[in-house]
Amino acid sequence: MTTVTRFAPSPTGYLHLGHAYSALFAADAAADQGGRFVLRLEDIDQARCRPEFEHQIYDDLAWLGLNWGPSVRRQSDHFADYQDALDQLDEMALLYPCFCTRKDIQAEIAASGGAPHGPDGPLYPGTCRDLSPDVTASRIAVGEAYALRINMAAAVACAGPLSWYDREAGTITAKPERFGDVVLARKDTPTSYHLAVTWDDHVQGITLVTRGQDLFAATDVHRLLQSLLNLNVPDYHHHRLLTDDDGERYAKRNRSVTLKSLRDAGKTPGDIRTMVSL
Ligand code: GLU
């Protein structure tokens with residue numbers, strides 16, 4: 001099987017050294033196996049994405065010497081696909097509309113004296129999980145905004161025990177229940193990161209997902225969605241995260257380490273490889 005890897009940035013800012021590491025890591029992993037490397041733009045958050053950043057991504061990656069083939073998958077072109085996936089989960093009775101605002105959730109958690117913490121923070125307390133179909137329908141009919149959440153306990157029961165393989169950490173038993181009822185779509189963003197990334201890795205034929213350690217736990221949720229939606233299960237390689245001299249992770253706000261500024265300052269692609277120790 002041909003190895004296919006991907007780099008999946010969001011065009012919400014300039015790429016920095018952390019992105020360069022991730023992109024080169026993915027491209028090298030494909031090249032080592034005589035495979036292919038593809039590009040995906042994770043632009044579901046349309047309010048924060050800008051064409052200028054998208055163009056700069058192409059420019060920076062080409063400058064680094066990467067070749068991602070003839071096409072790029074832009075998530076915002078595929079909202080209908082994610083809707084199909086949501087429809088499938090809905091038919092399995094695994095989704096429910098949640099009308100809670102962030103404030104409602106905080107108030108509910110405070111009122112019940114706290115909530116268990118998952119990898120992404122306090123778990124959703126389940127306020128809307130058991131609303132009657134009539135109440136739900138009438139709230140939607142009057143135009144109340146809602147998110148679609150997965151009923152995690154039901155989904156886990158439906159999928160049964162799951163595991164996935166990380167090239168560094170080995171076989172991992174998936175425990176998606178640690179995340180609680182995660183949001184899979186919102187009114188203004190008709191898919192979530194979890195749903196779009198899992199669906200797209202399948203559609204793009206990715207066989208090896210390489211990405212930062214910060215997404216290690218999220219893979220449990222992706223593995224669950226793969227099982228429920230009958231999608232391919234790639235291998236994973238969660239790589240280290242680059243940090244600056246103070247031990248802080250690089251972020252888009254660190255202007256000094258954007259590829260654009262390093263290039264403007266005369267650095268070469270070879271210098272970048274050295275800077276990220278590849
Ligand atoms: N778009 C994500 C990011 O910019 C990467 C998602 C992934 O690799 O799964 O961090």
Side-chain angles (χ1 to χ4, degrees), residues 4-31 36-79 120 186 188-189 191-197 200-201 204 206 208-216 218 236-278:
V4 186
T5 65
R6 49 52 162 200
F7 177 54
S10 294
T12 54
Y14 293 129
L15 299 185
H16 53 64
L17 278 178
H19 293 108
Y21 177 71
S22 208
L24 290 164
F25 189 98
D28 288 359
R36 277 188 307 122
F37 163 73
V38 303
L39 181 61
R40 174 165 80 230
L41 290 175
E42 303 218 322
D43 64 342
I44 54 177
D45 185 353
Q46 293 272 279
R48 291 175 56 225
C49 294
R50 305 252 182 288
E52 176 204 348
F53 296 135
E54 179 175 333
H55 295 139
Q56 192 64 42
I57 287 172
Y58 300 141
D59 213 42
D60 287 344
L61 295 181
W63 176 72
L64 282 175
L66 300 183
N67 181 350
W68 54 90
S71 62
V72 174
R73 185 172 172 94
R74 192 186 287 110
Q75 290 186 323
S76 60
D77 292 338
H78 298 280
F79 284 137
D120 286 344
R186 290 184 196 281
D188 45 353
T189 313
T191 179
S192 68
Y193 161 68
H194 295 306
L195 183 66
V197 83
D200 288 348
D201 283 337
Q204 290 190 288
I206 306 303
L208 174 64
V209 170
T210 62
R211 60 184 175 201
Q213 280 288 345
D214 53 331
L215 292 167
F216 193 97
Y236 290 83
H237 191 153
H238 292 90
H239 58 65
R240 70 191 170 93
L241 297 171
L242 291 196
T243 52
D244 63 18
D245 293 342
D246 299 325
E248 294 289 327
R249 270 178 61 190
Y250 290 125
K252 286 186 173 148
R253 61 181 178 280
N254 302 141
R255 298 253 159 114
S256 56
V257 292
T258 64
L259 296 181
K260 186 175 184 308
S261 63
L262 291 166
R263 185 174 162 186
D264 290 347
K267 299 284 186 211
T268 66
D271 293 334
I272 303 297
R273 276 197 178 261
T274 308
M275 291 171 84
V276 302
S277 318
L278 263 174

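These values consider heavy atoms only, across backbone and side chains, with no hydrogens, waters or symmetry-generated copies.
No donor-acceptor contact under 3.5 angstrom links the side chains of Arg240 and Gln213, judged on distance only. With no hydrogens or angles considered, no side-chain donor-acceptor pair links Thr274 and Asp271 at under 3.5 Å.
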Report the C-alpha separation of Ser261 and Asp264 in whole Å, then their side-chain angles, then the decisive distance to 0.1 Å, and conclude whether the side chain to side chain donor-acceptor pair (under 3.5 Å) test is met.
-> CA-CA 5 Å; Ser261 63; Asp264 290 347; over 6 Å; no
Salt bridge (charged side-chain N to carboxylate O under 4.0 Å, His left out) assessment of Asp60 paired with Arg263 | CA-CA 9 Å; Asp60 287 344; Arg263 185 174 162 186; 3.7 Å; yes
May I have the step-by-step check of side chain to side chain donor-acceptor pair (under 3.5 Å) for Arg40 and Gln204, ending in yes or no?
-> CA-CA 9 Å; Arg40 174 165 80 230; Gln204 290 190 288; 2.9 Å; yes
Checking side-chain contact (heavy atoms from CB on, under 4.5 Å) for the pair Gln75/His78: CA distance, chi angles, key distance, verdict?
-> CA-CA 5 Å; Gln75 290 186 323; His78 298 280; 5.8 Å; no
side-chain contact (heavy atoms from CB on, under 4.5 Å) between Gln56 and Leu15: does it pass, once the steps are laid out?
-> CA-CA 8 Å; Gln56 192 64 42; Leu15 299 185; over 6 Å; no
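Taking 4.0 Å as the cut-off between side-chain N and carboxylate O, Arg186 and Asp45 do not count as a salt-bridged pair. With respect to the salt-bridge test (charged N to carboxylate O, under 4.0 angstrom), the residues Arg74 and Glu42 do not qualify.
Side-chain atoms of Gln46 and Ser76, non-hydrogen and from C-beta on, do get closer than 4.5 Å to each other. For the pair Phe7/Leu61, a side-chain contact is recorded, criterion being any heavy-atom separation below 4.5 Å from C-beta on.
Note: Leu39 CG to Ile57 CD1 = 7.5 Å, rounded to the nearest 0.5 Å. Expressed to the nearest 0.5 Å, how far CG of Leu262 lies from CG of Leu17 amounts to 5.0 Å. Of the inter-residue distances, the one linking Tyr250 atom OH with His19 atom NE2 reads 13.0 Å to the nearest 0.5 angstrom. Once rounded to the nearest 0.5 Å, the distance linking NZ of Lys260 with CG of Asp59 reads 9.0 Å. With values rounded to the nearest 0.5 angstrom, Ser22 atom OG is found 9.0 Å from Leu242 atom CG.
Relative ring orientation between His239 and Tyr21 is described as perpendicular, the plane-to-plane angle rising above 60° on a 0-90° scale split at 30° and 60°.
Legend: ring-ring contact (aromatic ring centres under 6.0 Å, His included) pairs involving residues 47-70, not counting sequence neighbours, sorted by first then second residue: Tyr14-Phe53.
In terms of the side-chain hydrogen bond (donor to acceptor under 3.5 Å, both in side chains) criterion, Ser192 has no residue partners (sequence neighbours excluded).
Looking at Ser277, its side chain never comes within 3.5 Å of a backbone N or O of Arg273 through a donor-acceptor pair.
Just one of Asp200, Thr5, Val4, Val197 meets the side chain to side chain contact (heavy atoms under 4.5 Å, CB included) condition when paired with Ile206; it is Val4.
The environment of Arg36 atom CZ is sparse: at most 12 non-hydrogen atoms of other residues, nucleotides or ligands sit within 6.0 angstrom.
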